Chemist: 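Have a look at this one.
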Amino acid sequence: MHHFTYKGGVLHAEGVDLEAIAKEVGTPVYVYSAATIERHYRAFASAFAGLDAHVFYAMKANSNLAVLRLLGNLGAGADTVSEGEVRRALAAGIPASRIVLSGVGKVDSELAYAVDAGIYQVNVETEGELHALSRVASARGKRQPIVFRINPDVGAGGHAKITTGSSENKFGVSIEEAERLYAVAANLPGIALEGLAMHIGSQIRSIHEFGPAFGRLRALTVRLRESGHRVSRLDLGGGLGIPYEMSEAVSHGPDLIETYAALVRNTFGPLEVEIGLEPGRIIVGNAGVLLTRIVHENNRPRKTFLVVDAGMNDLVRPAMYEAFHDIWPTREPGPDAERRTFDVVGPICESSDTFAEARDLPVMKTGDLMAFMTAGAYGAAMSSNYNTRPLVPEVLVSGSSYAVVRPRQSFEELLAQDRIPGWL
Ligand code: LLP
């Protein structure tokens, strides 16, 4: 459920008219609903009540400082994947004691930053990283709490490019390797070995995909304990999917969060272990839209293109993963509104800059506004300056008020990033 609805014929985010935001802030613009973020966070966190569960919001999904502050105020920790993300989480007021650092390619300086900050946990992915971290931490007279990321060899997720848990993927170590490395890690001076981690993929809509991976993690935990090791934490990663199509949202059956929490409870409850969770998309995905204006129509013999002012640099998911985003006009179409088939495309000089192909939509014309729905996760966070287009602004709505939480980048700021060497 989200808080984007038509009121008086115009699409609103909570109590705020999206056309008013477009007028004031311009387009394209990302608009987030604080009430939706809060609702999802609370639904997620409360589903694990009774377990010793910690929620680390996977901030790669949406790392705007205001979004982080909102979630931090609700009690969320942060799952980070770079020094930059650790810095962002801290800047938003999330304490180091609620920050975990994941990622396959952490460099020494990043590890040092995390150790100095005193973060809760590093999710170690390779043997090399284990030794590097031990060196970095022991040089500082510290022991860094870690969990070891295993690759359960169960691929899952909405698209091949976001599957991480198969042995074909670069993430984590195999279960056999984990048993050997666990013994190595237990004896390293800079390491406080706490447990295991996994994350099998993203946009997973079927609970059955988690079952086998969880089963392997539990079996490994039991084996390690039997060999005398301490396993006090299990970090289960993120990956819960969300409906991107309205029809799916209606028919999506028993609540996925509840079913997932029940699986976690049944699998790991008896182990008396601390559980880490790293949800990203399910917290912020449908809490955001990308608002864009039609700048031209291009009527070709077999197609009508609606050219909008947002491009694949602003929202790359359709180009990168063939992702589907619902399109809602800001003007509510009446029940008898004329519909036609359109291709909705951006201004970028690539054919992949396509948001919708042969989509049946209410008739819209140049100057009209539309919202790409469910763009709160991996939208602004993945945007770029491709084609020298300034990063788009982000707006956070709460009730009947809103704030610009990232202003539109100016051309001056954009150009000021480059340097021309003196010899040119
Ligand atoms: N934990 C780890 C270790 C991850 O790699 C990820 C996502 C998450 C947690 C959060 O997963 P979520 O709950 O959001 O599914 N850009 C893609 C998604 C990439 C996900 C990468 N890892 C997209 O737009 O669909």
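Since the model is a prediction, treat every value here as computed from it, not as a measurement. This chain uses plain numbering: 1 for the first residue, then up along the sequence. In each ligand, atom 1 is the first atom listed, and ligand 1 is the first ligand listed.
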Chemist: Can you see which heavy atom on Ile327 is nearest to which on Ala356, and at what distance?
Modeler: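 Where Ile327 meets Ala356 most closely, the heavy atoms are CD1-CB, 3.8 Å.
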
Chemist: Could you tell me which residues satisfy ring pair (Phe, Tyr, Trp, His ring centres under 6.0 Å) with His12, sequence neighbours excluded, listed by chain and number?
Modeler: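 If we apply the ring pair (Phe, Tyr, Trp, His ring centres under 6.0 Å) test to His12, skipping adjacent residues, there are no hits.
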
Chemist: Could Glu226 and Arg223 be called an ion pair, given the rule that one side-chain N must be under 4.0 Å from one carboxylate O?
Modeler: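 Not counted as a salt bridge, because no side-chain N and carboxylate O are separated by less than 4.0 Å.
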
Chemist: Mark up the atoms of ligand 1 that fall under 4.0 Å of a heavy atom belonging to Ala58, in ascending order.
Modeler: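 Here the atoms of ligand 1 in question are 8 (C), 9 (C), 10 (C).
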
Chemist: Tell me whether Gly239 has any N or O atom under 3.5 angstrom from an N or O of ligand 1.
Modeler: yes

Chemist: Considering only protein heavy atoms, which is closest to atom 17 (C) of ligand 1, and at what distance to one decimal place?
Modeler: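 Nearest protein contact, heavy atoms only, for atom 17 (C) of ligand 1 is Tyr321 OH, 3.2 Å.
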
Chemist: May I ask you to identify the nearest protein heavy atom to atom 20 (C) of ligand 1, giving residue, atom name and distance to one decimal place in Å?
Modeler: Tyr378 OH, 3.6 Å

Chemist: What pairs meet the ring-ring contact (aromatic ring centres under 6.0 Å, His included) rule with one or both residues in residues 78-104, with sequence neighbours excluded?
Modeler: none

Chemist: Suppose I only count heavy atoms of Met382 and a 4.0 Å limit; which atoms of ligand 1 are within that range?
Modeler: 16 (N)

Chemist: Please report which non-hydrogen protein atom sits nearest to atom 22 (N) of ligand 1, along with the residue it belongs to and the distance in Å to one decimal place.
Modeler: Lys60 CD, 3.7 Å

Chemist: Have a look at ligand 1 and work out which part of Asn123, if any, has a heavy atom under 4.0 Å from it: side chain, backbone, both or neither.
Modeler: neither

Chemist: Identify the closest protein heavy atom to atom 19 (C) of ligand 1: which residue and atom is it, and at what distance?
Modeler: Ile162 CG2, 3.6 Å

Chemist: Indicate yes or no: does an N/O atom of Arg149 lie under 3.5 Å from an N/O atom of ligand 1?
Modeler: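 Between Arg149 and ligand 1, no N or O pair is found under 3.5 Å apart.
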
Chemist: What protein heavy atom sits nearest atom 15 (O) of ligand 1, and how far off is it?
Modeler: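 I find the closest protein heavy atom is Ser202 OG, 2.4 Å.
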
Chemist: Is it the case that ligand 1 has an N or O less than 3.5 angstrom from some N or O of Gly280?
Modeler: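 By distance alone, the answer is yes.
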
Chemist: Scan Tyr244, Phe372, Tyr378 and name whichever one has a ring-ring contact (aromatic ring centres under 6.0 Å, His included) with His325.
Modeler: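 Of the listed options, the one satisfying the test is Tyr244.
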
Chemist: Is Ile282 in contact with ligand 1, taking contact as a heavy-atom separation below 4.0 Å?
Modeler: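 No, Ile282 has no heavy atoms under 4.0 Å from ligand 1.
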
Chemist: Any nitrogen or oxygen of Glu278, main chain or side chain, under 3.5 Å from a nitrogen or oxygen of ligand 1?
Modeler: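 Yes, since at least one N or O of Glu278 sits under 3.5 Å from an N or O of ligand 1.
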
Chemist: Report the distance from atom OH of Tyr57 to atom CD of Glu278, rounding to the nearest 0.5 Å.
Modeler: 12.5 Å

Chemist: Pro279 heavy atoms, cut-off 4.0 Å: which ligand 1 atoms fall inside?
Modeler: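 Counting from 1, the qualifying ligand atoms are 13 (O).
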
Chemist: For atom 8 (C) of ligand 1, grab the closest protein heavy atom and report residue, atom and distance to one decimal in Å.
Modeler: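 Result: His199 CE1, 3.4 Å.
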
Chemist: Enumerate the atoms of ligand 1 whose separation from the nearest heavy atom of Arg317 is less than 4.0 angstrom.
Modeler: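 In order of numbering, the contacting atoms are 23 (C), 24 (O), 25 (O).
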
Chemist: With a 4.5 Å limit on heavy-atom distance, are the side chains of Ile204 and Leu240 in contact?
Modeler: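 A side-chain contact under 4.5 Å is absent here.
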
Chemist: Is the Lys NZ or Arg CZ of Arg359 less than 6.0 Å from the centre of Phe324's six-membered ring, within 45° of the axis?
Modeler: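 Positive - Arg359 is close enough to the ring of Phe324 and near enough to its axis.
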
Chemist: Grab the two heavy atoms, one from Gln409 and one from Leu391, that are nearest each other, plus how far apart they are.
Modeler: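 In this case the closest contact between Gln409 and Leu391 is OE1-N, 2.9 Å.
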
Chemist: Ring centroids only, cut at 6.0 angstrom: are Phe214 and Phe268 within range, meaning strictly under it?
Modeler: yes

